[in-house]
Amino acid sequence: QDNSCFACGTNKGFSIYNCEPFKETFKRDFPNGGIGIVAMLFRCNILGIVGGGQYPCFPPNKVMLWDDHQTACIGELTFKSDVKAVKLRRDKIVVVLETQVYIYNFEELELIHKYETIPNPKGLVALSPSTENCVIACPSVQKGVVRVERYDASGNNKSSFVTAHDSSISCIALNNDGSRLATASEKGTLIRIFDTETGE
């Protein structure tokens, strides 16, 4: 969330790397398989992991909340199809399937919202990490359109739709406070930046 490190799944577990200076800072191997998706919660010991590779450690349709201090799963979310992406922030978990995005409350793992999307095999989604604003961006049900959800402090949400490109979207990103949305299409020649509040 602060771009200081990143995690990647391996055939045996996952590794965490520091960005500057670049080096592997942590590695966790599992005896029984690989990890396809790893989502860090800032630099704390909680991660969201999904099994992957030839021999998945966990089912690919489950998000496991892993506490590395306890070296144990402290929660899990199960879905009817494979998970394509996971994003974490201190109050929410976002899980992307092929045509749905699920938003959960972090503490109780309660479902807050579910949104339909156009087929999204890459698991495109963006989540602002800032504690002040919670903004989520994901593909809409229409090609080239991004759905933007802005949550206020009391948990109420406001939906808006940004017509970003004529062709399918290949990449979306939000800045730290969720005030700006960047998009690129499959054509790949333009990056467009929008105001998430006005759609401009």
Side-chain angles (χ1 to χ4, degrees), residues 1 5-16 26-129 134-141 146-151 155-157 159 169 171-174:
Q1 287 88 347
C5 56
F6 67 91
C8 61
T10 70
N11 284 329
K12 294 189 288 189
F14 64 85
S15 293
I16 296 173
F26 182 79
K27 185 178 180 181
R28 168 71 62 203
D29 284 346
F30 294 108
N32 55 341
I35 299 296
I37 298 169
V38 193
M40 297 177 71
L41 180 62
F42 293 86
R43 279 182 169 257
C44 83
N45 50 299
I46 307 292
L47 301 110
I49 56 177
V50 180
Q54 197 172 356
Y55 305 103
C57 184
F58 302 107
N61 67 323
K62 285 188 176 186
V63 175
M64 314 302 288
L65 286 178
W66 177 264
D67 182 339
D68 210 75
H69 278 340
Q70 298 180 41
T71 60
C73 288
I74 55 169
E76 66 178 69
L77 298 165
T78 305
F79 301 91
K80 289 181 180 166
S81 62
D82 287 1
V83 174
K84 302 294 181 185
V86 180
K87 299 279 182 187
L88 305 180
R89 52 178 276 144
R90 291 192 170 98
D91 57 350
K92 290 184 178 59
I93 301 171
V94 177
V95 180
V96 183
L97 307 184
E98 178 93 30
T99 57
Q100 287 102 17
V101 173
Y102 290 83
I103 295 147
Y104 291 86
N105 168 311
F106 203 108
E107 280 198 16
E108 294 89 25
L109 298 184
E110 284 175 356
L111 182 64
I112 303 168
H113 284 111
K114 173 188 167 188
Y115 304 115
E116 298 295 320
T117 71
I118 199 165
N120 182 15
K122 291 181 183 171
L124 299 179
V125 70
L127 176 64
S128 65
C134 178
V135 181
I136 297 164
C138 64
S140 168
V141 290
V146 177
R147 179 183 199 123
V148 177
E149 295 291 330
R150 298 178 65 86
Y151 288 82
N156 300 316
N157 68 310
S159 306
I169 289 164
C171 194
I172 51 179
L174 289 165

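Note that the coordinates shown come from a computational prediction; the quantities given were computed from them, not determined experimentally.
- Of all heavy-atom pairs spanning V83 and L97, the tightest one is CA-CD2, 3.9 Å.
- Proximity of a side-chain donor or acceptor of Q1 to a complementary backbone N or O of M40 within less than 3.5 Å is detected.
- Across all their heavy atoms, I16 and L47 have their closest contact at CD1-CD2, 4.2 Å.
- Rounding to the nearest 0.5 angstrom, the gap separating the CG atom in L111 from the CD1 atom in I93 is 11.0 Å.
- Distance SG/C73 to NZ/K62: 9.5 Å, rounded to 0.5 Å.
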From CA spacing to verdict: side chain to side chain contact (heavy atoms under 4.5 Å, CB included), W66, N45: CA-CA 8 Å; W66 177 264; N45 50 299; over 6 Å; no
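- To the nearest 0.5 Å, atom CG of residue L41 and atom CD1 of residue I46 are 7.0 Å apart.
- If you check the side chains of E149 and N157, you find a donor sitting under 3.5 Å from an acceptor.
- Annotation: ring-ring contact (aromatic ring centres under 6.0 Å, His included) contacts of Y102 (sequence neighbours excluded): F79.
- With hydrogens and angles ignored, the 3.5 Å screen pairs a side-chain donor or acceptor of S128 with a backbone N or O of V135.
- At a threshold of 4.0 Å, the pair K84-D82 does not count as salt-bridged, since none of the basic side-chain nitrogens sits closer than that to a carboxylate oxygen.
- Inter-residue side-chain proximity for P59 and T78 is flagged as unmet; no heavy-atom pair is nearer than 4.5 Å.
- The two atoms that bring G123 and A85 nearest to each other are O-CB, 3.2 Å, heavy atoms only.
- Here the CG atom belonging to D29 is positioned 7.5 Å from the OG atom belonging to S15, to the nearest 0.5 angstrom.
- Residue C8 comes nearest to V38 through the heavy atom pair C-CG2, 3.8 Å, listed as atom of the first residue, atom of the second, then distance.
- Once rounded to the nearest 0.5 Å, the distance linking CD of E76 with CG of L65 reads 9.5 Å.
- Residues L124 and T117 are not in side-chain contact: their nearest non-hydrogen atoms beyond the backbone lie 4.5 Å or more apart.
- Within 6.0 Å of CG on N61 lie more than 12 heavy atoms contributed by other residues, nucleotides or ligands.
- Closest heavy-atom contact between R147 and S159: NH2-OG, 3.8 Å.
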Stepwise side chain to side chain contact (heavy atoms under 4.5 Å, CB included) test for I49 and F30: CA-CA 12 Å; I49 56 177; F30 294 108; 4.1 Å; yes
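- To the nearest 0.5 Å, atoms CG (N120) and OG1 (T99) are separated by 9.0 Å.
- Around CD of E107, the count of heavy atoms belonging to other residues, nucleotides or ligands within 6.0 Å does not exceed 12.
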Working for side chain to side chain contact (heavy atoms under 4.5 Å, CB included), residues Y151 and I136: CA-CA 8 Å; Y151 288 82; I136 297 164; 3.8 Å; yes
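- Scanning all heavy atoms of the two residues, the minimum distance from I35 to C57 falls at CD1-CB, 4.0 Å.
- Under the 4.5 Å side-chain criterion, counting only non-hydrogen atoms from C-beta, E98 is in contact with P121.
- Within 6.0 Å of the OH atom in Y55, the count of heavy atoms belonging to other residues, nucleotides or ligands does not exceed 12.
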Side chain to side chain contact (heavy atoms under 4.5 Å, CB included) assessment of V141 paired with I118: CA-CA 4 Å; V141 290; I118 199 165; 5.7 Å; no
